[in-house]
Amino acid sequence: MDNCIFCKIAKGIINSKKYYEDDDFFIIADISPKAKKHYLMIPKVHYKLIADQTQNDNLVLAKMIAKIPVLQHELGLDGGYRIIINQGENGGQEVPHLHVHVLGGEKLN
């Protein structure tokens, strides 16, 4: 999408520190963190909702979730973490590109 900030980061149009990147997704810090550690895991393919995914997109989402324990120490999430996916306006989704919030680094309420 032409106006999607996450697509622009994926394409290198907007520079952002990536804590991890592969062919399918990347991880950046949230610019408005809700915890000591707050990351966004963002697929490179643009779609807004889980319902918009293809079967391949489903596999990428599963790969993203499976990568969290592998990167847990490197990301400062050893004490545990919370995974959140906001869906749609009523669900609190602010950027219309599916992304996974990973929060941790402290005891969460």
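Basis for what follows: all heavy atoms, side chains included, without hydrogens, waters or symmetry-related copies.
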Check: Are any non-hydrogen side-chain atoms of P96 and F6 less than 4.5 angstrom apart?
Finding: no

Item checked: Any V45 side-chain heavy atom under 4.5 Å of D24 side chain -> no

Notebook entry, point to check: NZ of K48 to CD of Q53: how many Å apart, nearest 0.5 Å?
Noted result: 14.5 Å

Next item on the list: Any chance you could measure H46, atom NE2, to C4, atom SG, to the nearest 0.5 Å?
Entry: 5.0 Å

Next item on the list: For residues P43 and V60, report the shortest heavy-atom separation together with the two atoms involved.
Entry: CB-CG1, 4.3 Å

Next item on the list: Compare every heavy atom of L75 with every heavy atom of K37, then report the nearest pair and how far apart it is.
Entry: CD-O, 3.7 Å

Next item on the list: Could you walk me through whether I68 and V70 pass the side-chain contact (heavy atoms from CB on, under 4.5 Å) test, one step at a time?
Entry: CA-CA 5 Å; I68 298 170; V70 174; over 6 Å; no

Next item on the list: Nearest 0.5 Å please: distance from the NE2 atom of H97 over to the CG atom of D52.
Entry: 11.5 Å

Next item on the list: Take the angle between the ring planes of F25 and Y20 and call it parallel below 30°, perpendicular above 60°, tilted in between.
Entry: tilted

Margin query: Let me confirm one number: the CG-CE distance from L98 to M41, rounded to the nearest 0.5 Å.
Written below: 11.5 Å

Next item on the list: Could you list the residues that satisfy side chain to side chain contact (heavy atoms under 4.5 Å, CB included) with D78, not counting sequence neighbours?
Entry: Q72, H73

Note to self: Return the CE to CG distance between M64 and L59, rounded to the nearest 0.5 Å.
What the structure shows: 12.5 Å

Next item on the list: Please check if the distance between the ring centroids of H101 and Y39 is under 6.0 Å.
Entry: no

Note to self: Between L49 and Q93, does the side-chain contact (heavy atoms from CB on, under 4.5 Å) criterion hold? Intermediate values first, please.
What the structure shows: CA-CA 9 Å; L49 304 170; Q93 186 176 15; 3.4 Å; yes

Check: Between L61 and V100, is any pair of side-chain heavy atoms under 4.5 Å apart?
Finding: yes

Check: Going by atom types only, do S32 and K34 share a side-chain donor-acceptor pair under 3.5 Å?
Finding: yes

Next item on the list: Can you see which heavy atom on K18 is nearest to which on I28, and at what distance?
Entry: CG-CG2, 4.1 Å

Notebook entry, point to check: In this structure, which one of I9, D30, I27 forms a side chain to side chain contact (heavy atoms under 4.5 Å, CB included) with L40?
Noted result: D30

Next item on the list: Measure the CD1-NE2 distance between I42 and H99 for me, rounded to the nearest 0.5 Å.
Entry: 7.0 Å

Note to self: Salt bridge check, K63 against D22: does any charged N sit closer than 4.0 Å to a carboxylate O?
What the structure shows: yes

Report all side-chain donor-acceptor pairs from residues 102-109 shorter than 3.5 Å, counting only partners two or more places apart or in another chain.
from: E106; atom 1: OE2; to: K36; atom 2: N; distance (Å): 2.7

Next item on the list: For residues K44 and E21, report the shortest heavy-atom separation together with the two atoms involved.
Entry: NZ-OE2, 2.9 Å

Next item on the list: Assess whether atom CD1 of I13 is packed by more than 12 heavy atoms of other residues, nucleotides or ligands within 6.0 Å.
Entry: yes

Item checked: Taking every non-hydrogen atom, the tightest pair across F26 and A10 -> CE2-CB, 3.5 Å

